[in-house]
Amino acid sequence: MTLKMIKTLLSIIMVFMYYLGFWTETFTIKIVIFFLMLIFIFEAGVESGKKQNNSI
């Protein structure tokens, strides 16, 4: 769970750093990083949902 949360936070930070202008990449890399961020957010949501269902 902790590793998935760290991956999610790092990918979100990378996307925001790009939009703030700290670094630039090719169009393909931008798309890949964006979709990885979405996948990591989805994984973290699924894990937190499992944790909530187990605690009920």
Side-chain angles (χ1 to χ4, degrees):
M1 175 71 175
T2 306
L3 183 60
K4 289 186 180 182
M5 296 301 284
I6 291 171
K7 285 191 316 186
T8 303
L9 290 174
L10 288 176
S11 65
I12 291 171
I13 289 169
M14 284 178 57
V15 169
F16 282 127
M17 283 179 61
Y18 166 74
Y19 285 116
L20 291 174
F22 285 105
W23 55 275
T24 58
E25 283 296 331
T26 62
F27 184 70
T28 307
I29 300 297
K30 287 186 242 181
I31 292 173
V32 169
I33 289 174
F34 180 76
F35 281 113
L36 281 174
M37 180 189 70
L38 293 179
I39 290 168
F40 291 156
I41 290 171
F42 179 75
E43 283 180 356
V46 167
E47 286 297 320
S48 64
K50 285 181 187 176
K51 196 171 197 177
Q52 286 178 353
N53 287 339
N54 288 340
S55 66
I56 293 177

A.B. asks: Does Ile39 have any side chain to side chain contact (heavy atoms under 4.5 Å, CB included) partners at least two apart in sequence or in another chain, and if so, which?
C.D. replies: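 By the side chain to side chain contact (heavy atoms under 4.5 Å, CB included) rule, Ile39 matches Glu43.
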A.B. asks: In chain order, what residues pass the side chain to side chain contact (heavy atoms under 4.5 Å, CB included) check against Phe35, with sequence neighbours excluded?
C.D. replies: Ile31, Leu38
A.B. asks: Could you name each residue pair satisfying salt bridge (Lys or Arg N to Asp or Glu O under 4.0 Å) that touches residues 12-22, not counting sequence neighbours?
C.D. replies: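 Of all non-adjacent pairs touching residues 12-22, none passes salt bridge (Lys or Arg N to Asp or Glu O under 4.0 Å).
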A.B. asks: Hey, what else clusters with Leu9 if you join Ile, Leu, Val, Met, Phe, Trp, Tyr whenever side-chain heavy atoms sit under 4.5 Å?
C.D. replies: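 Same cluster as Leu9: nobody, lone residue.
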